[in-house]
Amino acid sequence: MGLHADPRPIGVFDSGVGGLTVLAELRRRLPAESTIYLGDNARAPYGPRPADEVRAYTLESVAWLLAQDVKLLVLACNTATSQALPLVRQVASVPVLGVVRPGAVAAAASTRAGHVGVIATAGTVASGAYAAAVGEADPTLAVTQLACPELVPMVEAGQLSGPIAEGAVRGYLGQLFAVDGEIDTLLLGCTHYPLLRPLIEQVAGPRVAVVDSAFTTALAAEDLLDALGGRTPHTGPGANRIVTTGDVATFTAVAGTVFGAALPSVERAAVTAD
Ligand code: DGL
């Protein structure tokens with residue numbers, strides 16, 4: 001197969017709207033590729049759910065994406081990646097990329113002090129996936145994780161700045177740095193947190209590098225397509241379908257803060273029979 005041989009779209013899954021940060025980076029890096037994004041907003045947030053529920057919902061959502069004949073699946077949700085990636089790989093007939101390893105690689109490359117902080121949902125922290133992945137990238141690094149359950153609902157409500165958002169971010173980062181004051185790299189282990197990035201950077205201060213997995217996941221997708229000879233033969237901008245299992249108007253309002261005017265009209269679909 002030549003390098004440019006597969007016109008099928010890339011499937012991108014998130015529990016909701018936050019994975020659009022990963023989609024935006026993928027489309028920036030691979031503009032000719034078509035993409036189909038599925039947000040399972042009807043059942044979000046996944047972060048506080050038990051692991052078996054996250055696995056079941058992820059498998060149902062992924063089955064919907066696979067039925068759209070995608071050539072590559074990107075799990076843009078940290079909670080789904082940390083709890084369901086091996087299972088999804090078992091059922092998927094196409095390659096599957098998660099966001100945890102790319103994020104961990106970015107953090108390991110960034111730290112100078114050897115101390116990495118990870119903020120994520122309760123489910124992601126409980127899985128230990130980031131600690132394991134950073135350790136795999138460099139076993140000498142110290143990793144401190146903190147669950148930040150207030151941040152996802154805050155972002156969903158459009159609160160990206162202002163006193164409430166600042167109070168929440170200050171509270172969490174204060175807790176994290178109290179555990180390890182030597183942290184010089186803060187990994188945003190949740191799709192929603194890049195939307196709070198200006199505030200997080202301001203609160204963390206100039207000594208701390210803030211990294212996320214969007215850029216490195218897009219890079220991993222590009223490498224994988226090249227290795228498999230799976231890039232699209234088309235030139236020109238690829239199609240961008242965005243689908244939610246939840247309410248289209250609510251999704252569109254929050255999604256607009258990520259994609260701005262480039263947001264295509266959002267479709268609604270059900271991934272279960274009921
Ligand atoms: N997408 C989830 C994640 O990255 C955050 C939102 C949720 O809890 O569903 O962990």
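Counting starts at 1 for both ligands and their atoms, following the listed order.
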Please tabulate protein-ligand N/O pairs under 3.5 Å for ligand 1, atom names and distances to 0.1 Å.
from: ligand 1; atom 1: 1 (N); to: Asp14; atom 2: OD1; distance (Å): 2.7
from: ligand 1; atom 1: 1 (N); to: Ser15; atom 2: OG; distance (Å): 3.0
from: ligand 1; atom 1: 1 (N); to: Thr191; atom 2: OG1; distance (Å): 2.9
from: ligand 1; atom 1: 4 (O); to: Asn78; atom 2: N; distance (Å): 3.0
from: ligand 1; atom 1: 4 (O); to: Asn78; atom 2: ND2; distance (Å): 3.1
from: ligand 1; atom 1: 4 (O); to: Thr191; atom 2: N; distance (Å): 3.0
from: ligand 1; atom 1: 4 (O); to: Thr191; atom 2: OG1; distance (Å): 3.1
from: ligand 1; atom 1: 8 (O); to: Tyr46; atom 2: N; distance (Å): 3.3
from: ligand 1; atom 1: 8 (O); to: Gly47; atom 2: N; distance (Å): 2.8
from: ligand 1; atom 1: 9 (O); to: Ser15; atom 2: OG; distance (Å): 2.6
from: ligand 1; atom 1: 9 (O); to: Tyr46; atom 2: N; distance (Å): 2.6
from: ligand 1; atom 1: 10 (O); to: Thr79; atom 2: N; distance (Å): 3.2
from: ligand 1; atom 1: 10 (O); to: Thr79; atom 2: OG1; distance (Å): 2.6

| query | With the threshold set at 4.0 Å, does a side-chain nitrogen-carboxylate oxygen contact exist between Arg231 and Asp6? | reply | no
| request: Provide the closest heavy-atom pair for Leu72 versus Ala221 in the form atom of the first, atom of the second, distance. | output: CD2-CB, 4.1 Å
| message | Could you check whether Arg8 pairs with Asp69 (Lys NZ or Arg NE/NH1/NH2 to Asp/Glu carboxylate O, under 4.0 Å)? | response | yes
| Under the 3.5 angstrom rule, does the side chain of Tyr57 hit a backbone N or O of Ser15 as a donor-acceptor pair? | no
| request: Answer whether the closest heavy-atom distance between the side chains of Gln202 and Arg170 falls below 4.5 Å. | output: yes
Name each donor-acceptor pair under 3.5 Å that joins a side chain in residues 190-199 to protein atoms two or more places apart or in another chain, with its distance.
from: His192; atom 1: NE2; to: Glu156; atom 2: OE2; distance (Å): 2.7
from: Tyr193; atom 1: OH; to: Ala120; atom 2: O; distance (Å): 3.2
from: Tyr193; atom 1: OH; to: Cys148; atom 2: O; distance (Å): 3.4
from: Arg197; atom 1: NE; to: Glu201; atom 2: OE2; distance (Å): 3.2
from: Arg197; atom 1: NH1; to: Asp212; atom 2: OD2; distance (Å): 2.6
from: Arg197; atom 1: NH2; to: Val210; atom 2: O; distance (Å): 2.4

